[in-house]
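Okay, so here's the structure we're looking at.
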Amino acid sequence: MIEPGSPAPDFTLPDQDGNEVSLADLRGQTTVLVFYPLDFSPVCTDQLNIYQEVLGELEARGVRLYGVSVDSAYAHKAFQRHLGITIPLLADFHPKGEVARKFGVWVEDHGVAARALVMIGPDGVVRWSYRSPSPLEIPGVNLIFDALEQQAA
């Protein structure tokens, strides 16, 4: 998994509306990439619902959250509507998992991204990263808030 202090790998992915989002677009803000295995799976559904609940608090601290999985932009749009969430979802669809590989969170045996969080600073440098020990374990939002506190110290 990518280590803090590393430059974030360059990427461009479509969001749920087909708009391209690239690393360059994230400059000047703190971003958390939320890698998750698949849309519509029970644990991923719970994870994104939990993050949606605190999205306003994160945004008030200047943090932008993006979900990233191997699903297509079309699946992301349906998933976003189904959950009623506003978190942008990026499609690491083709080549499948290319961005997950760049960030070191690709799970070859299952063909999906691991459940992981990567915080990128305004300068494009990875500030913090976390990989869940199991795909069934949701990284709590407290981890994100703790990482923000450490960055501020």
Side-chain angles (χ1 to χ4, degrees), residues 1-4 6 8-17 19-23 25-27 29-73 75-93 96-107 110-122 124-151:
M1 167 156 213
I2 196 161
E3 293 291 325
S6 304
D10 193 29
F11 69 87
T12 301
L13 294 173
D15 70 8
Q16 72 284 340
D17 297 317
N19 301 311
E20 289 193 342
V21 176
S22 67
L23 180 64
D25 298 325
L26 309 180
R27 292 265 182 196
Q29 64 186 12
T30 298
T31 301
V32 175
L33 297 180
V34 177
F35 289 93
Y36 65 97
L38 292 168
D39 291 345
F40 295 100
S41 67
V43 179
C44 296
T45 295
D46 290 346
Q47 180 179 9
L48 290 173
N49 277 328
I50 290 167
Y51 293 174
Q52 181 68 39
E53 288 176 15
V54 297
L55 188 60
E57 292 176 59
L58 290 169
E59 289 174 345
R61 291 179 165 209
V63 176
R64 187 86 165 125
L65 210 64
Y66 290 88
V68 183
S69 83
V70 298
D71 297 286
S72 71
H76 281 336
K77 185 65 173 182
F79 187 49
Q80 192 184 49
R81 282 185 181 159
H82 175 75
L83 295 180
I85 64 171
T86 59
I87 298 167
L89 303 177
L90 305 180
D92 194 8
F93 183 69
K96 185 178 180 184
E98 180 179 51
V99 173
R101 283 180 178 88
K102 288 181 177 183
F103 280 85
V105 298
W106 180 249
V107 181
H110 300 289
V112 297
R115 201 171 302 283
L117 303 171
V118 178
M119 183 180 292
I120 303 169
V125 173
V126 174
R127 299 288 182 216
W128 171 80
S129 61
Y130 174 85
R131 182 173 176 158
S132 206
S134 160
L136 300 177
E137 184 179 313
I138 296 172
V141 293
N142 60 309
L143 295 171
I144 300 170
F145 286 113
D146 290 350
L148 286 169
E149 292 299 321
Q150 289 173 354
Q151 296 303 312

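We number each residue from 1, following the sequence as shown.
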Taking all heavy atoms of [X] and all of [Y], pick out the closest pair and write down the distance.
X: R131; Y: V107; result: NH2-CG2, 3.6 Å
X: Y36; Y: D39; result: OH-OD1, 2.6 Å
X: T30; Y: P122; result: OG1-CD, 3.8 Å
X: A91; Y: A73; result: CB-N, 3.5 Å
X: V118; Y: M1; result: CG2-CE, 3.8 Å

Problem - L48 vs L89, side chain to side chain contact (heavy atoms under 4.5 Å, CB included): CA-CA, chis, key distance, verdict - result: CA-CA 10 Å; L48 290 173; L89 303 177; 4.2 Å; yes
To the nearest 0.5 Å, how far apart are [atom1] in [X] and [atom2] in [Y]?
X: S72; Y: K96; atom1: OG; atom2: NZ; result: 11.5 Å
X: Q80; Y: T86; atom1: CD; atom2: OG1; result: 7.0 Å
X: I144; Y: L117; atom1: CD1; atom2: CG; result: 5.0 Å
X: I85; Y: L55; atom1: CD1; atom2: CG; result: 9.0 Å
X: F11; Y: S22; atom1: CZ; atom2: OG; result: 7.0 Å

Exercise for the section: Kindly write out the residues that satisfy side-chain hydrogen bond (donor to acceptor under 3.5 Å, both in side chains) with Q47, not counting sequence neighbours, or none if the list is empty. Expected result: Y51, R115
Practice task
Please list, chain by chain and in numerical order, all residues satisfying side-chain hydrogen bond (donor to acceptor under 3.5 Å, both in side chains) with E20, sequence neighbours excluded.
Solution key: none
[X]: partners by side chain to side chain contact (heavy atoms under 4.5 Å, CB included), with sequence neighbours left out:
X: P9; value: I2, K102, F103
X: P88; value: Q16, R64, Y66
X: D17; value: D15, N19, K77
X: E137; value: Y130, S132, P133, S134

Is the shortest heavy-atom distance from the side chain of [X] to the side chain of [Y] under 4.5 Å?
X: W128; Y: D146; answer: no
X: R61; Y: E149; answer: yes
X: L23; Y: I120; answer: yes
X: F145; Y: V54; answer: yes
X: L58; Y: V32; answer: no
X: T45; Y: F79; answer: yes
X: L148; Y: M119; answer: yes

Between [X] (side chain) and [Y] (backbone), is there a donor-acceptor pair under 3.5 Å?
X: Q151; Y: R127; answer: yes
X: D46; Y: V43; answer: no
X: D92; Y: V68; answer: no

Handout entry: Test log, rule side chain to side chain donor-acceptor pair (under 3.5 Å), inputs S129 and E3
Key = CA-CA 7 Å; S129 61; E3 293 291 325; 5.5 Å; no
